[in-house]
Amino acid sequence: MNLNGKIAVVTGAAKGIGRSIAIALAEDGADLVITENVTSASDTAKTIEAIGRSALVVKADVSNPEDANRVVESCIEKFGKIDILVNNAGINKDSLILRMKKEDWDSVIGINLTGTFNCTKAASRYMIKQKGGNIINITSIVGAMGNPGQSNYAASKAGIIGFTKSIARELASRNVNVNAIAPGYIITDMTEALPENARNELTKLIPMERFGTPEDVANCVCFLVSEKASYITGQVIHVNGGMYM
Ligand code: NDP
C-alpha cells in the first residue's frame with residue numbers, strides 16, 4: 001500500500017499487534033506517533049527509524065483523556081496533521097461473573113472502550129478540520145461471539161463495534177473512514193498467558209488450524225487505511241482463520 005506522506009498514531013505499540021501495525025504502516029511509507037504505557041516502545045521506534053520513517057514515542061495511558069489529548073497534540077505539533085489513528089491498546093482481566101471484581105470490570109472497560117473513545121475524540125477534531133482521515137479500532141472475535149470468563153472484555157469489544165459504526169456515520173460526510181478489525185486468536189503476550197492445553201483446544205476450533213500472527217492483523221490495517229479501501233466505512237473486518245464466520 002502507498003502511505004507515503006501519511007501520519008499515523010498507533011496506541012499500545014511497544015509490543016504485540018500494535019508493534020506490528022506500527023512497523024507495517026512505516027514499511028508502507030507512513031511516519032508514526034506511537035504510545036507506550038509500562039513497556040518501553042523505544043525498540044519499535046528504532047525499527048521504524050531503521051526503515052527510514054520518523055517515530056515519535058509518547059507515554060500515555062489511553063484511559064486518561066488528558067493523555068489521549070496529549071498524544072494527538074504531540075502529533076500535530078511534530079507533523080502538523082493526523083491522517084490515521086489506530087486504537088489498539090487493550091487489556092484483559094478474566095474471571096467468571098461471580099468472581100469478577102468491580103475494579104477488573106472498570107479497568108477493562110476504561111482502557112479498551114473509554115480509551116478508544118478518548119483517542120477518537122481527540123483525533124476527530126483535527127480529521128474533521130482536515131476533511132479526511134482514517135480510524136481503525138481493534139475489537140475482537142470475543143466481542144462478536146462472547147466468551148465465558150471474559151464478560152468485561154467482550155462487553156468492551158462489543159462496545160467498540162457499536163462505537164465504530166456510530167462514529168463512521170458521524171464522520172462519513174467529512175471523508176473520515178472508521179472501521180473495526182476483529183482479530184481471532186493471535187500469538188502475542190495476551191494469548192501466551194493461556195495454558196498450553198487451552199491453546200491446543202482453541203486451535204481445534206480454527207478452520208485454518210493455527211493462531212494468527214500480529215502481521216496478519218497489521219496487513220489488514222494497511223489495506224483499510226489505504227486509498228484502495230476508500231469506500232469502506234463502518235465495517236468490522238474479521239481476521240481469524242475462519243474461526244467465526
Ligand atoms: P499485548 O498485551 O501484547 O499488548 C497490548 C498493548 O496495549 C501493550 O503495548 C500495552 O502496553 C498497551 N496498553 C495496555 N494498557 C494500556 C493503557 N492503559 N494505555 C495505553 N496502552 C496500554 O496485547 P495484544 O497485542 O495481543 O493486543 C492488542 C490489541 O488487540 C488489544 O486491544 C487486544 O484486545 C486486541 N486483540 C488481541 C487478540 C489476541 O489474540 N492477541 C485477539 C483479539 C483482539 P503496556 O504493556 O506497557 O501496558
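When a ligand or atom number is given, it counts from 1 through the structure's own listing order. What you see is a predicted model, and the numbers here were worked out from it, not measured in a lab. When a residue number appears, it is its place in the shown sequence, counting from 1.
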Whether R70 side chain and K59 backbone form a donor-acceptor pair below 3.5 Å:
yes

Does either side chain, that of T11 or that of N87, offer a donor lying less than 3.5 Å from an acceptor on the other one?
no

Answer yes or no: is there a side-chain heavy-atom contact under 4.5 Å between V178 and F163?
no

Donor-acceptor pair, N152 side chain versus D104 backbone, under 3.5 Å?
yes

Please state which option from A13, G184, S140, C119 has its nearest heavy atom closest to atom 38 (C) of ligand 1.
G184

Is the number of heavy atoms from other residues, nucleotides or ligands under 6.0 Å of R174 CZ greater than 12?
no

Quick one: look up the protein heavy atom nearest atom 14 (C) of ligand 1 and list residue, atom name and how far away it is.
I91 CG2, 3.6 Å

Are C75 and I7 close enough that some pair of their side-chain heavy atoms sits under 4.5 Å apart?
yes

Taking only non-hydrogen atoms of G16 and a 4.0 Å limit, the atoms of ligand 1 in range are 3 (O), 25 (O)

Side-chain donor or acceptor of N179 paired with backbone N/O of V236 under 3.5 Å:
no

Is there a polar contact, in the sense of an N or O pair closer than 3.5 Å, between I17 and ligand 1?
yes

If you measure every N/O of K157 against every N/O of ligand 1, is any gap under 3.5 Å?
yes

What I'd like to find out is whether the side chain of N112 reaches to under 4.5 Å of the side chain of K157, using heavy atoms alone.
yes

Distance to 0.1 Å, residue and atom name: give those for the protein heavy atom nearest to atom 5 (C) of ligand 1.
G90 O, 3.7 Å

Between P183 and ligand 1, does any nitrogen or oxygen pair lie at a separation below 3.5 Å?
no

Which residues pass the side chain to side chain contact (heavy atoms under 4.5 Å, CB included) test with N118, not counting sequence neighbours?
P65, A68, T114

Parallel, tilted or perpendicular: rings of Y185 and F211 (30°, 60°):
tilted

Within the 4.0 Å heavy-atom shell around T139, which atoms of ligand 1 are there?
43 (C), 44 (C)

With a 4.5 Å heavy-atom cut-off, do E192 and I187 have their side chains touching?
yes

Please write down residue, atom name and distance for the protein heavy atom closest to atom 9 (O) of ligand 1.
G12 O, 3.3 Å

Give me the nearest non-hydrogen protein atom to atom 48 (O) of ligand 1 as residue plus atom name, then the distance to 0.1 Å.
N37 ND2, 2.9 Å

For atom 41 (N) of ligand 1, find the nearest protein heavy atom and state the residue, atom name and distance (0.1 Å precision).
T188 OG1, 3.1 Å

Can you sort out which atoms of ligand 1 are near V38, meaning under 4.0 Å from one of its heavy atoms?
45 (P), 47 (O), 48 (O)

Is there a polar contact between ligand 1 and V62, counting only N or O atoms under 3.5 Å apart?
yes

Salt bridge present between R19 and D43 (N-O < 4.0 angstrom):
yes

Quick one: which ligand 1 atoms are inside 4.0 Å of a heavy atom on Y185?
40 (O)

Who's the nearest protein heavy-atom neighbour of atom 28 (C) of ligand 1, and how far?
N88 OD1, 3.2 Å

With clusters defined by side-chain heavy atoms of hydrophobic residues (ILVMFWY) lying less than 4.5 Å apart, directly or transitively, does I21 cluster with I181?
yes

Is there a nitrogen or oxygen of T191 sitting under 3.5 Å from a nitrogen or oxygen of ligand 1?
no

Distance filter under 4.0 Å to A60 heavy atoms, resulting ligand 1 atoms:
19 (N), 20 (C)

Decide whether the shortest distance between a heavy atom of Y153 and an atom of ligand 1 is less than 4.0 Å.
yes

From the candidates I138, N240, D61, the one that places a heavy atom nearest atom 18 (N) of ligand 1
D61

Starting from atom 46 (O) of ligand 1, locate the nearest protein heavy atom and write down its residue, its atom name and how far away it is, to 0.1 Å.
T39 OG1, 3.0 Å

In the protein, what heavy atom is nearest to atom 1 (P) of ligand 1, and what distance, to one decimal place, separates them?
K15 CE, 3.9 Å

Are any of the N or O atoms of I186 closer than 3.5 Å to those of ligand 1?
yes

